[in-house]
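Indexing begins at 1, ligand by ligand and atom by atom, following the structure's order. None of these values were measured; they are calculated from a predicted model.
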Amino acid sequence: MRPATGRVDERVVSFDEALEIVLAEAAKVGRPAVETVGISESVGRVLADTVAADRDQPPFDRSTRDGFAVHAEDAMAGTWLGVAGQVQAGHVWEQGPLAPDQAIEIMTGAPVPEGADAVVMLEHVEHSGAGSMRAIRLTEGRQVVPGGNIVPRGSEARGGAPVLEAGTEMDAAAVALAAACGAATLKVFAQPTVSILATGDELVDVSEAPGPQQIRNSNSYGLEALVNLAGGRPLRQPVVRDRRDDLERAILMARAADLEAQTADLGARAADLMLLTGGVSMGEYDLVEEVLLGLGAEFFFTGVRMQPGKPVVFGRLPELEGRAAVYFFGLPGNPVSTQVTFACFVESLLRAIRGAAIEGPRFAQATLGDEVAGRPELTRILPARLTSKRVGPEVRLVVWQGSGDMAANARANCYAVLPAEVKRFRAGDVITVLLR
Ligand code: AMP
Ligand code: MG
């Protein structure tokens, strides 16, 4: 039974409360399905299982320098050491243990010969003789200690020990480590499907010529890009007009996880997350909340005291017609608001739905380059540019015409976060930035 259409109870919260609500819901999200992918396909995916070292890392005592393997004590005595031979990476010294008063030339990455306990850098020795008479000694003033320039076997990881935990986002460092451990295939979580539904009578597609009163639907493409970058599988829906019945039908269709399943209603897998844009403000044709309510939605918040992005809505549709319950965000139609609210709220929930560790938005700190006015009642999250200055990162606001100014947003590379209650932020203040 669907509840009768009516007005949604307003629940406008502070920015911090909104973040808390999103993270609390993120903590309730179940474990996604697991699949196996080749290591080359694993970047951007979330590990579903631990990766263990398949042997000690490093697998032998490894020289970190080009130089000479020695007994530290002998080398420190300052006497000439006869060069007994050479060992390069990929080879082993097989002529027996290092004798006192001997050195063995060694290359970076080669196994340290038995009996040697240190490597002296090439740059730290003097040479004499040639061929079988070749000898080296430590340059005066240079030191060598036992263990110097050697990474002992197993010191990075013991064979069998976990090196990557389930929930790890596979970045380049993780991929390289998995490769070092022989993980040619990896168990990862299935990528969630994210339905994207833009609403508005004024919208035409990117490939169409807009009439004088029309604009292009840029939000669907912007969100598609954001979902891709955040590791989800975007499913762009056709634009829907500002009519109750059209909206209801489009929302029901957008719940299906693939376009073919949208016509065959029952039993199809539901999208894992729904993003709607537009139609969440106070206007007469802002019908999204009302239609969602008619479909039995619960609302966690219906607005956030922030700028831009104030009308953002977060909720969940119940299990319906064989499709599982699904979280949704009603994002404001103004394109900068759409992208800011994605970065603030959607990304964190999407991380959880992807099976990654629960984490808030990617905040960092930087020195403000110019003076900005705060808003007593709103957290401002403004398009800004982060640059690396000699003393550290500096952030400057981008000049913008408001939350529709996509050109300004495209010139930005982060958002400056200006908390409510502060009247004025001055040049030199350290402020929070939201990375993107
Ligand atoms: P709304 O939230 O529907 O009141 O829309 C707010 C503003 O955002 C209006 O100027 C809309 O024309 C614009 N807008 C809404 N949806 C989109 C979209 N998909 N792409 C670009 N602009 C949009
Ligand atoms: Mg609209």
Does G279 reach ligand 1 with a nitrogen or oxygen that is under 3.5 Å from one of the ligand's nitrogen or oxygen atoms? yes
Compute the minimum heavy-atom distance from G200 to ligand 1 and say whether it is under 4.0 Å. no
Interfacing atoms of ligand 1 (cut-off 4.0 Å, heavy-atom, I215): 12 (O), 21 (C), 22 (N), 23 (C)
A student checking ligand 1 against D286 at a 4.0 Å heavy-atom cut-off should list atoms 3 (O), 4 (O)
Just one of R244, R243, R7 clears the salt bridge (charged side-chain N to carboxylate O under 4.0 Å, His left out) bar with E290, so which one? R244
Which of the numbered atoms in ligand 1 are under 4.0 angstrom from any heavy atom belonging to A198? 19 (N)
Determine whether the aromatic ring centres of F329 and F301 lie less than 6.0 Å apart. no
Pair R436-N409, side chain to side chain donor-acceptor pair (under 3.5 Å): steps then yes or no: CA-CA 11 Å; R436 70 181 211 199; N409 202 31; 2.9 Å; yes
Roughly how far, to the nearest 0.5 Å, is the CG atom of L418 from the CD atom of E421? 13.0 Å
One finds that the ligand 1 atoms under 4.0 Å from a non-hydrogen atom of N334 are 6 (C), 7 (C), 8 (O)
What class does the angle between the rings of F314 and F300 fall in, given that below 30° is parallel, 30 to 60° is tilted and above 60° is perpendicular? tilted
Which of the numbered atoms in ligand 1 are below 4.0 angstrom from a heavy atom of S281? 2 (O), 4 (O)
Which pairs pass side chain to side chain donor-acceptor pair (under 3.5 Å) with one or both residues in residues 166-184, sequence neighbours excluded? E169-R351, E169-R354
Is there a heavy atom of G404 sitting under 4.0 angstrom from any atom of ligand 1? no
To atom 15 (C) of ligand 1, the nearest of G330, G333, S220, P335 on a heavy-atom basis is G333
